[in-house]
There are 2 protein chains.
Amino acid sequence: MRILLVGAGGVGSAAVAIAARRSFFETMIVADYDLGRAERAVAGHGDRFVAAKVDASSADAVAALCREHRITHVLNAVDPRFVMPIFDGAFAAGADYLDMAMSLSHPHPSRPYAETGVKLGDDQFAVADRWEAAGRLALCGIGIEPGLSDVFARYAADELFDEIDEIGVRDGANLTVDGYAFAPSFSIWTTIEECLNPPVIWEAGRGWYTTEPFSEPEVFDFPEGIGPVECVNVEHEEVLLIPRWVKAKRVTFKYGLGDEFIEVLKALHKVGLDSTAPVSVRGVEVSPRDVVAASLPDPATLGDRMRGKTCAGTWVTGTGKDGRPREVYLYHVVDNEWSMREYGHQAVVWQTAVNPVVALELLATGAWSGTGVIGPEALPPRPYLDLLTGYGSPWGMQER
Amino acid sequence: MRILLVGAGGVGSAAVAIAARRSFFETMIVADYDLGRAERAVAGHGDRFVAAKVDASSADAVAALCREHRITHVLNAVDPRFVMPIFDGAFAAGADYLDMAMSLSHPHPSRPYAETGVKLGDDQFAVADRWEAAGRLALCGIGIEPGLSDVFARYAADELFDEIDEIGVRDGANLTVDGYAFAPSFSIWTTIEECLNPPVIWEAGRGWYTTEPFSEPEVFDFPEGIGPVECVNVEHEEVLLIPRWVKAKRVTFKYGLGDEFIEVLKALHKVGLDSTAPVSVRGVEVSPRDVVAASLPDPATLGDRMRGKTCAGTWVTGTGKDGRPREVYLYHVVDNEWSMREYGHQAVVWQTAVNPVVALELLATGAWSGTGVIGPEALPPRPYLDLLTGYGSPWGMQER
């Protein structure tokens, strides 16, 4: 297996550190628009890793890099604005493709908070036939969420339930950052994008529909000492992926943003500071959302000051194999103290990055295989969960 | 009386429209950094009004303009960053001076939320002896708040109470702006400045001290249909002025910002968007607070879309002239519909602007006179309140 990793940011750099301890692949080309960043990501991890420069907005550039290095698998670790050129570039070069976020949505033109418009991943599913016909695999949404959360959904359907009422992905953390009153541990640009887009919900008989941002708040009690966190509906790939392969009456995604973060996002939206359209300020043009990002510390640099745990998981209700009502939460927790000590990467990016490395190893060994454009829930969950535990990062299950 | 009005913004323009109906002065020079704005402010109000250009940051420029036009009184209607050059320029030219906000504060270097540092107006009071010796008058804080609120405090002490427990200035409104989810009716730059500075409180025996921003929230019930609004401590001149001339056990200022506005200000502060220090955004340097202002509509342009009333007033508790406990709220309400119809200026700026015009008329007739650096509560309240009613804008009193 010869891998092209596109993007040497927080998640890409953590993926390098994780892959460096595994022997399943021959080489990994680590490409970034900023060559220096790619070089820093590969430094000290041995000569299987090679830094390169790439413009991820160009499918041709991605394809050329694939051909140059005889790439078999492309792993996309840049922000979702670049999904389509990387996806198309991999296909053009005859490589398989993995990503952790799917092509972007566009709201319904007249009823954005009731009906879907262009959905997350629609642009990728639109060409699924071509991937299928070419015998190529695009394994989409294989980070932590989407990713492991989808594997949990399939595992619940296969091994735990006869009938599922609701599959609700629930994400929460108790991370704090010393020395800052307010310091998100992930990209504020992306968080604004996902939280202010209309959240999507799936229901049997109704299909996909949308709501107002921050709808249906609930307090979810997270395991391993994290405790209760207020969660709200957020647009996320799982809701688009899970119903295609797993039978359930309802699929939702709620993000444990917490009261404080929700208030900040609402306030930014009220003032118009979430906008990406430039405003004129004393003779210069700037995008307010870029100013928000510039006013906050870079999350990738905060690992040393972070404390606490982050949890991703899938809450499932329905009828168990014994015919009785059952409710479980399948989850994965990473303690920042552990990920910093073991890998030098903060918990949120490490937890995302471990999943595509596990998936690549399953594809290398043949435990996973397929063609077309698919999500993680299209493949057998058990080998995945076992190998994740083999990476030293076990998952858990609570009966509720 | 020959007046120099410095600043042809919202308040300055409204002051021109109000003064145009009065005969007590000979001429009013309306000066702004933007000559076109000054010309628009005087247009249609007759030849007593003359537009001029001035750099309000230069005491020499202010003094030169005073000498050129043989100015007897300077009215400062620009933002408080320019108090000192205008104040000094008026003195240098031998003119009397009026303003609606005092010289800026600087927080205590080590205990900002417990002790005062440089207080509002300190820079002006520091030279009070020179004004006194020269026989010149600086009448400071003669807008609506500070201004009429201080006159109310003196009126309560003179005519309503034997002993005062607390004088609490309380400001609230029910203004809405059609077509905007969020549109402050006053400068967001100034609101951030006053709301995020440490609020100041005065107590007999303790003197001035400070608290955390937004401290001591209370719901105050405003008259004339405005109703209950959540108010919090805010740094304001009244707390510095009233105890110098009026005996009370406690003096406070609370601003009826409302829950929503407080949440927005807190969020801006958390993210660092209240900062005036430039940040670097894709190669350009901008002040986040300027970006906030640029993302919101200009409040001076919102009059046609505004609805509702704004209330300023002074709540006083203590022992009445009959020896029994008494509690009153002395107030002034302006309905935006009325101020737009009568003057073409929105309620908040009109309500501020009427007060210095009333004060100038009292100085012109000799009903008010004085020397040194003083606040409105240093002068007899009754002629002021009567003349305000004569301007068609009566005040009210509630027994509580």
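Letters A, B, ... are given to chains in the order of the sequence lines, protein chains preceding strands, and every chain is numbered from 1.
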**Student:** With a 4.5 angstrom heavy-atom cut-off, could you sort out which part of A/V271 is near chain B: side chain, backbone, both or neither?
**Tutor:** both
**Student:** Out of curiosity, A/I262 CD1 to B/E263 CD, how far, rounded to the nearest 0.5 Å?
**Tutor:** 12.0 Å
**Student:** Can you tell me how far OG of A/S280 sits from CG of B/D290, rounded to the nearest 0.5 angstrom?
**Tutor:** 11.0 Å
**Student:** Are more than 12 heavy atoms from other residues, nucleotides or ligands located less than 6.0 Å from atom CZ of A/F182?
**Tutor:** yes
**Student:** Within a 6.0 Å radius of atom NE2 on A/H108, are there more than 12 heavy atoms belonging to other residues, nucleotides or ligands?
**Tutor:** yes
**Student:** Identify which part of A/S275 has an atom lying under 4.5 Å from any heavy atom of chain B, answering side chain, backbone, both or neither.
**Tutor:** neither
**Student:** For each of A/I188, A/L273, A/V284, tally heavy-atom pairs with chain B at distances under 4.5 Å, and name the one with the top tally.
**Tutor:** A/L273
**Student:** For the OH atom on A/Y209, are there more than 12 heavy atoms of other groups (residues, nucleotides or ligands in this structure) within a distance under 6.0 Å?
**Tutor:** yes
**Student:** Heavy-atom distances under 4.5 Å only: say whether A/V291 touches chain B with side chain, backbone, both or neither.
**Tutor:** both
**Student:** When rounded to the nearest 0.5 angstrom, what distance separates NZ in B/K270 from CZ in A/F261?
**Tutor:** 10.5 Å
**Student:** A/L268, A/L265, A/V264: which one forms the most heavy-atom pairs within less than 4.5 Å of chain B?
**Tutor:** A/V264
**Student:** Examine whether an atom of B/V292 lies under 4.5 Å from a heavy atom of chain A, and if so say whether it belongs to the side chain, the backbone or both; otherwise answer neither.
**Tutor:** both
